[in-house]
Amino acid sequence: MVKKIKSCVFISGNGTNLHSIIKRSRDYNFPIKIELIISNSLNAKGLKLAKKYGIPSKFFSSNYKEKFERDSLHEIKKRKIKFICLAGFMKILSENFIKKFNHKIINIHPSLLPKFKGLNTHKRALKSNAKYSGCTVHYVSPKLDSGKIILQKKVLISKNETENSLKRKILVQEHKIYPQSIISIFR
Ligand code: GRF
């Protein structure tokens with residue numbers, strides 16, 4: 001049995017990426033074990049997954065970023081967490097927090113970075129008339145969506161593509177490359 005790295009996932013919403021990581025992390029040789037889920041939204045569907053899979057979870061409001069990070073850090077330290085995955089986490093972490101976990105926080109973004117950093121990625125991808133969009137897993141650095149890229153997956157934008165159809169298409173790929181990226185980091 002591989003000794004799994006104690007990890008935490010930060011979420012804000014549906015948690016479909018969280019779900020894909022949870023499922024893969026049950027493989028005996030997957031490198032990480034999710035021992036904590038932190039949400040900055042009380043209504044995040046991902047919190048239900050935490051319950052379903054018996055993973056400890058915490059809600060901390062991010063209205064006051066300093067307090068959010070202090071509370072999160074307290075839990076993370078208490079549980080000896082060594083690795084953090086941001087999965088649909090919609091808040092920007094402070095430079096101070098990120099530096100504490102240098103190269104130990106990763107994120108998934110629904111575009112082919114460096115294209116379309118930030119919000120409304122699908123809308124902007126469609127507007128740009130690009131032939132492809134996709135998703136990227138990257139290390140988190142103090143500059144938004146700019147850390148070193150770990151893995152990307154391209155998807156073709158079809159003729160009648162809508163924001164929703166593109167979002168769905170990309171999400172399917174996100175669910176594959178997030179666990180793959182984690183494997184590739186620790187291989
Ligand atoms: C995903 O597209 C992710 O890339 C973006 O927000 C969406 C959240 O999806 N950051 P989920 O919460 O994992 O379902």
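In listed order, ligands and their atoms are each counted from 1.
Judged purely by distance below 3.5 Å, without hydrogens or angles, the side chains of Thr121 and Lys115 never pair a donor atom with an acceptor atom. Side chain to side chain, Glu35 and Ser7 fail the donor-acceptor criterion of an N or O pair below 3.5 Å. Using modelled atom types, one finds no donor on one side chain facing an acceptor on the other under 3.5 Å when comparing Ser184 with Ser181.
Which parts of ligand 1 touch Gly15 is read off a 4.0 Å heavy-atom cut-off, strictly below it: atoms 11 (P), 12 (O), 13 (O), 14 (O). Less than 4.0 angstrom separates some heavy atom of Gly88 from each of these atoms of ligand 1: 6 (O), 8 (C), 10 (N). Close approach of ligand 1 to Pro110 is summarised as follows: ligand atoms under 4.0 Å from at least one heavy atom of the residue are 2 (O), 4 (O), 5 (C).
Of the protein's heavy atoms, Thr16 OG1, 2.4 Å lies nearest to atom 14 (O) of ligand 1. Closest to atom 9 (O) of ligand 1, if we only count protein heavy atoms, is Asn17 ND2, 3.8 Å. For atom 10 (N) of ligand 1, the closest non-hydrogen atom of the protein is Ile108 O, 3.6 Å. At the top of the distance list for atom 1 (C) of ligand 1, counting protein heavy atoms only, stands Glu174 OE1, 3.1 Å.
Residue Lys167 does not touch ligand 1, judged by heavy-atom distances below 4.0 Å.
With sequence neighbours excluded, no residue forms a salt bridge (Lys or Arg N to Asp or Glu O under 4.0 Å) with Lys123.
A continuous path of Ile, Leu, Val, Met, Phe, Trp and Tyr side chains, each step under 4.5 Å between heavy atoms, connects Ile38 with Leu86, placing both in one hydrophobic cluster.
Classification of the Phe89-Phe68 ring pair by plane angle, with boundaries at 30° and 60°, yields parallel.
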